[in-house]
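Written out below as C-alpha cells is the structure these notes cover.
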Number of protein chains: 4
Amino acid sequence: MSKYVIDLNCDMGEGFGMYRLGPDEEIMSYISSANVACAYHAGDPHIMFQTLKSAKENNVAVGAHVGLPDLEGFGRRKMAVSAEQARNYIIYQVGALLGFAQHAGLKLQHVKPHGALYVMAGEDRELSEVIVETIAGIDPELIIFTQEAFVTYDVAVKKGVPVVKEFYGDRGTKEDGTLVFKFNYDEVGGSPQGMADRIVRVIKENNVTAVNGKEVSVIPDSVCIHSDTPMALDFFQAVKDAFAKENIEIKPVGEK
Amino acid sequence: MSKYVIDLNCDMGEGFGMYRLGPDEEIMSYISSANVACAYHAGDPHIMFQTLKSAKENNVAVGAHVGLPDLEGFGRRKMAVSAEQARNYIIYQVGALLGFAQHAGLKLQHVKPHGALYVMAGEDRELSEVIVETIAGIDPELIIFTQEAFVTYDVAVKKGVPVVKEFYGDRGTKEDGTLVFKFNYDEVGGSPQGMADRIVRVIKENNVTAVNGKEVSVIPDSVCIHSDTPMALDFFQAVKDAFAKENIEIKPVGEK
Amino acid sequence: MSKYVIDLNCDMGEGFGMYRLGPDEEIMSYISSANVACAYHAGDPHIMFQTLKSAKENNVAVGAHVGLPDLEGFGRRKMAVSAEQARNYIIYQVGALLGFAQHAGLKLQHVKPHGALYVMAGEDRELSEVIVETIAGIDPELIIFTQEAFVTYDVAVKKGVPVVKEFYGDRGTKEDGTLVFKFNYDEVGGSPQGMADRIVRVIKENNVTAVNGKEVSVIPDSVCIHSDTPMALDFFQAVKDAFAKENIEIKPVGEK
Amino acid sequence: MSKYVIDLNCDMGEGFGMYRLGPDEEIMSYISSANVACAYHAGDPHIMFQTLKSAKENNVAVGAHVGLPDLEGFGRRKMAVSAEQARNYIIYQVGALLGFAQHAGLKLQHVKPHGALYVMAGEDRELSEVIVETIAGIDPELIIFTQEAFVTYDVAVKKGVPVVKEFYGDRGTKEDGTLVFKFNYDEVGGSPQGMADRIVRVIKENNVTAVNGKEVSVIPDSVCIHSDTPMALDFFQAVKDAFAKENIEIKPVGEK
C-alpha cells in the first residue's frame with residue numbers, strides 16, 4: 001500500500017483581547033502547520049505568545065498569517081493599499097511573529113496572506129511580485145501559501161521562491177480550482193465523514209467535484225481547514241481517522 | 001591628547017500616518033544609534049521601513065524603542081499592564097523591527113523602553129526582570145538602554161545581560177542622576193553651545209550639575225538627545241562641533 | 001401584598017467586529033436597562049446600531065457604558081488619564097450613542113462608567129466631579145449608575161445630578177457594600193435559584209450577606225447582571241420567575 | 001454696489017494625540033464653517049473638545065467631517081465597506097460630535113464626508129442614498145456638503161435634504177466642475193492673491209477656468225480651503241482682504 005504525505009494547515013490565534021475564535025488548543029493536536037494571526041486582522045501579542053507555545057508543544061510548524069490593518073473587518077474588506085504599503089505591513093507582521101518564534105526557539109516555516117489580501121494578491125501580479133519579493137527578502141526559506149490558480153503562485157514559481165498549493169477542505173471548489181469563500185455544508189460533502197472523504201480523494205486521486213458539478217484536477221501540498229467551521233472538531237477527527245485508514249501522513253510542508 | 005568615545009542616540013520614526021515628528025532625515029547624520037518606534041506609542045510600518053533605510057545609509061545602529069499600546073497618549077500614560085503583557089508587547093515590537101532589520105540586512109543593536117514603560121520598569125524590579133529576560137530571550141546580544149539609577153540597570157547587570165547607561169543631553173538631571181522629564185532650556189545650558197558644553201563635561205569629567213545645584217557623577221555609555229527638542233538641529237550641530245574640537249568620537253555602543 | 005419595583009440592567013453590545021460576547025438578543029427580553037458599549041472598551045458602530053434596534057423592540061431603556069480607550073484590555077486596566085481626558089472620552093462615547101439613539105428615535109436614559117473607569121471614579125473625588133459635571137453638561141436628565149459606597153455617588157448627590165445605586169446580582173458583596181470583581185458562584189447563591197433568591201432578598205429586605213459573612217444593608221435602585229456570567233440565561237430566567245412570584249416589577253429606572 | 005454672501009469652510013481638528021496638522025487656531029478667525037474630524041480619519045476627543053471651544057469663541061458653525069476608519073491612511077484609501085457599515089460609521093461620528101456640541105452649547109450645522117468616503121459617495125448612488133438618509137435620520141436640519149457634479153448632490157436634492165455645493169478654493173477644477181485632489185499652485189492662481197482672485201471670480205461671475213483651460217460654470221454655496229495648503233494663512237488673509245474689497249460677506253451656510 002503506497003503512502004501519502006500531506007500538510008494540514010489551520011488559521012490559529014484569531015481571537016483578540018477578551019475574545020476567542022475557535023477551539024485552538026484542541027485543533028493544534030490535529031494539524032501540522034499553524035497560520036498565526038499577527039494582530040492586524042485578528043490576534044494580539046498575548047494570543048500570539050500562547051499560540052506559539054501551543055504549537056511548540058504539539059510539534060506544529062508555524063507561519064505568519066498576514067492581513068490588512070482592519071481588525072474590525074477581520075481583514076476581509078478590500079482596501080486600496082499601495083504595493084509599498086502591503087510590503088511594509090507584511091514585513092511588520094512577519095517580523096512580529098519572528099520575535100515570538102525566536103523567543104520560543106522556533107523557526108518560521110511559512111507566510112500566508114489572509115482574507116482580502118490573499119485574494120487581492122491572487123488577482124494582481126504587481127502586488128504578488130511585491131509580496132513574494134518581500135517574503136523572500138526577510139528569509140529566502142519562508143514558504144508562501146496560496147492557490148495554484150492565483151497569480152501569486154505563478155510569480156513565486158518564476159522567482160524561485162518556495163510556494164505551496166493549498167486546497168480548502170471546508171470550502172467548495174470553483175471550476176478554476178479556487179475556493180468559494182462562503183461555507184456551505186452541501187458543497188463539501190455534507191457531513192464530517194463526507195468532508196474527510198472529499199479530502200482523501202483530492203490527496204489520492206487529485207480530483208474534486210467543483211460546485212458546478214465538473215471534475216477539477218487539484219494537486220495540493222497542503223489542506224486548509226478553518227477553526228470556525230461548524231463542528232470543526234468533528235471534522236478534524238473524521239479527517240484524522242480517514243487519514244489513518246488511508247495511510248496518509250500529516251507532516252509540515254517545510255519538512256517534506 | 002586622549003580620545004573619548006561615546007554613543008549618541010535619538011528617538012526616531014515617531015510620526016504616524018500623515019504625521020511627522022522631528023527632522024529625522026537630518027538628525028540621522030549626527031547620531032550613532034537610532035531608537036526606532038515600533039507602532040505602539042508612535043510609528044507605523046511605512047515609517048519604520050524608511051527609518052531603517054535611512055539608518056543603513058548613515059551607518060547608524062538601530063534598536064527597538066518599545067512602548068505601551070497607547071498611540072493617542074504617545075506611550076506616556078502609565079497603564080496597569082501585567083508583567084506577562086509587558087513581555088508580549090516587547091516581543092511583538094522587537095520582532096516587528098527585527099523583520100525590517102532582516103529585510104534591510106541590518107542587525108538589531110539594542111532595545112530601549114519608551115516613556116511610561118521606561119519609568120515603570122525603572123521603578124519596578126519584577127517588571128524589569130521580565131523585560132530583561134524577555135530581551136535576552138529574543139537575542140542575548142541585544143543591549144538594553146536605561147538609566148544607571150533605575151532598577152532595570154541593576155537587574156540587567158545581575159543577569160549578565162548587556163546594558164547601557166544613558167545620559168539625557170537635553171533634559172535636566174536630578175540629584176539621583178535620573179532625568180527630569182519636562183524640557184527646560186535653563187536646566188541644560190541655555191543654548192545649543194551650553195548644552196554641548198554640558199555633554200562634553202559629562203563625557204570628559206563624568207560630572208553634571210543637577211537641577212538643585214548639586215554636582216552629580218554620571219558615567220554614560222550613550223547620550224540621548226530628542227528630535228523634538230526645540231532647535232534640535234542647532235543642538236546636534238553644536239554637539240558635533242564640540243565633539244570634533246574635544247576629540248570625542250561618536251560610535252554605536254554595540255561597536256565599542 | 002405590597003409591590004416592589006426595580007430596574008434590571010445588563011452590559012450589552014460588548015462584541016467587536018467578528019466577535020460576540022454573551023447572548024444579547026435573548027437577554028434583552030429580561031432586562032429594563034441596557035448599558036451599551038461605545039467602541040472604547042468593547043463594541044463597534046454596527047453592534048451599537050443593532051443593540052439600539054433590539055432595545056427599542058424590547059422597550060429597554062438605553063445608556064452609555066463609557067470606558068477607557070483600551071479595547072485589548074476590555075477597559076479593565078487602569079490608565080493614568082487626566083480628568084480632562086476622562087471628560088473628553090465620556091463626551092465622545094455618550095455622544096456616539098446619542099447619535100444612534102437619535103437615529104433610532106430613542107432617548108438616552110443613563111451613563112455608566114465601565115471597568116477600570118468605574119473603579120477609578122469610585123475612588124477619586126476629583127475624577128468623579130469631572131465625570132458627574134460632564135454627564136450633566138451633555139444632558140442634565142442623564143442618570144449616573146454607580147455604587148452607593150463610591151465617592152461618585154456622593155458627588156452626584158451633592159451636585160443634584162440624577163444618580164442610581166446599583167447592586168451586582170452576580171458578584172459577591174464586600175462589607176462596604178461594593179462588589180467583588182471576580183465572579184464566584186459560591187459567593188452569590190451557588191445556583192441560578194440561589195442567585196435569584198439573594199437578589200429578591202436585597203430588594204425586599206435591603207440586606208445581603210457579604211463575602212466575609214457579615215450582613216450588609218443595600219438599597220438598590222437597579223440590579224446589574226452580566227451577560228457573560230456562566231449560565232446567564234438560566235440566571236435571568238430564575239430572576240424573572242422569582243420576581244413574578246414575589247410581585248417585583250422590572251422597570252427602567254428613568255421611568256420610576 | 002451689490003453684496004455677495006458666501007460660506008467659507010475648512011477641515012479642522014485633523015491632528016491626533018501628540019500630532020497637529022495646520023494652524024487651526026489662527027484659521028478659525030477667517031472661516032464661517034468648520035468641518036471637524038471625528039477620530040476616524042483624524043482627530044481625537046481632546047482635539048474635538050478644543051476645536052468646538054475655539055469654534056464657539058469665533059462664532060464658527062460646526063459640522064462633522066466623517067471618514068473611513070483608517071487613521072493611518074487619513075481616510076484617503078478606498079475600503080470595501082458596505083452601505084450599512086457606512087451608515088453606522090456616520091451615525092457614530094456625527095453622534096460623537098453631537099456630544100461635544102451639546103456639551104459646548106452648540107448646534108451641529110452640517111456633515112461632510114471626508115476623503116475616500118466623499119469620493120466613493122460621489123460615484124455611488126446607493127451609498128449616497130444611505131448617507132443622505134442617515135444624516136437626515138439623525139437630524140433633518142443637518143446640511144450635507146458635497147460637489148454639485150457628485151451623485152450625492154442629486155440624491156440629496158431629490159430627497160429634499162439640505163445640501164450645499166462646495167467649490168475648492170485651493171484645488172484645481174476639472175471640466176465637470178469637480179476638484180483635482182492633488183494641490184498644484186499653478187492650477188489655482190499661483191499666489192495667495194491669484195487664489196483669492198479666482199475665488200472672487202467664482203462668487204461674483206460663477207465661472208472658473210478648469211485645468212484643461214476650458215471655462216466652467218460653478219455656483220458655490222461654500223468655498224473650501226484646506227488648513228495644510230502651503231502658506232495657508234497667507235492665503236486666508238488674501239481671501240479676507242479680497243472679500244472686504246469686493247463686498248463679499250462670509251457667513252455660515254446654515255444662517256443664509
G99(B), A101(B), G95(B): which one forms the most heavy-atom pairs within less than 4.5 Å of chain A?
G95(B)
If one checks every heavy atom of A104(B) against chain A at 4.5 Å, the contacting part turns out to be neither
I need the minimum non-hydrogen distance between Q102(A) and I138(B), along with the two atoms involved.
NE2-O, 2.9 Å
Ranked by heavy-atom pairs below 4.5 Å to chain B, first place among N88(A), L97(A), T134(A) goes to N88(A)
Pick whichever of H46(B), Q93(B), Q85(B) has the most heavy-atom pairs under 4.5 Å with chain A.
H46(B)
Quick check for you: to the nearest 0.5 Å, what is the distance between R87(B) atom CZ and F49(A) atom CZ?
3.5 Å
Just wondering, are more than 12 heavy atoms of other shown residues or ligands nearer than 6.0 Å to NZ in K159(B)?
yes
More than 12 heavy atoms of other residues, nucleotides or ligands under 6.0 Å from CD of E57(A): yes or no?
yes
Least distance between heavy atoms, C38(B) atom then Y92(A) atom
O-OH, 2.7 Å
Looking at E26(A), I'd like to know if its CD atom is crowded, meaning that more than 12 non-hydrogen atoms belonging to other residues, nucleotides or ligands lie closer than 6.0 Å.
yes
Going from CD1 on I135(B) to NE2 on H103(A), what distance comes out if it is rounded to the nearest 0.5 angstrom?
10.0 Å
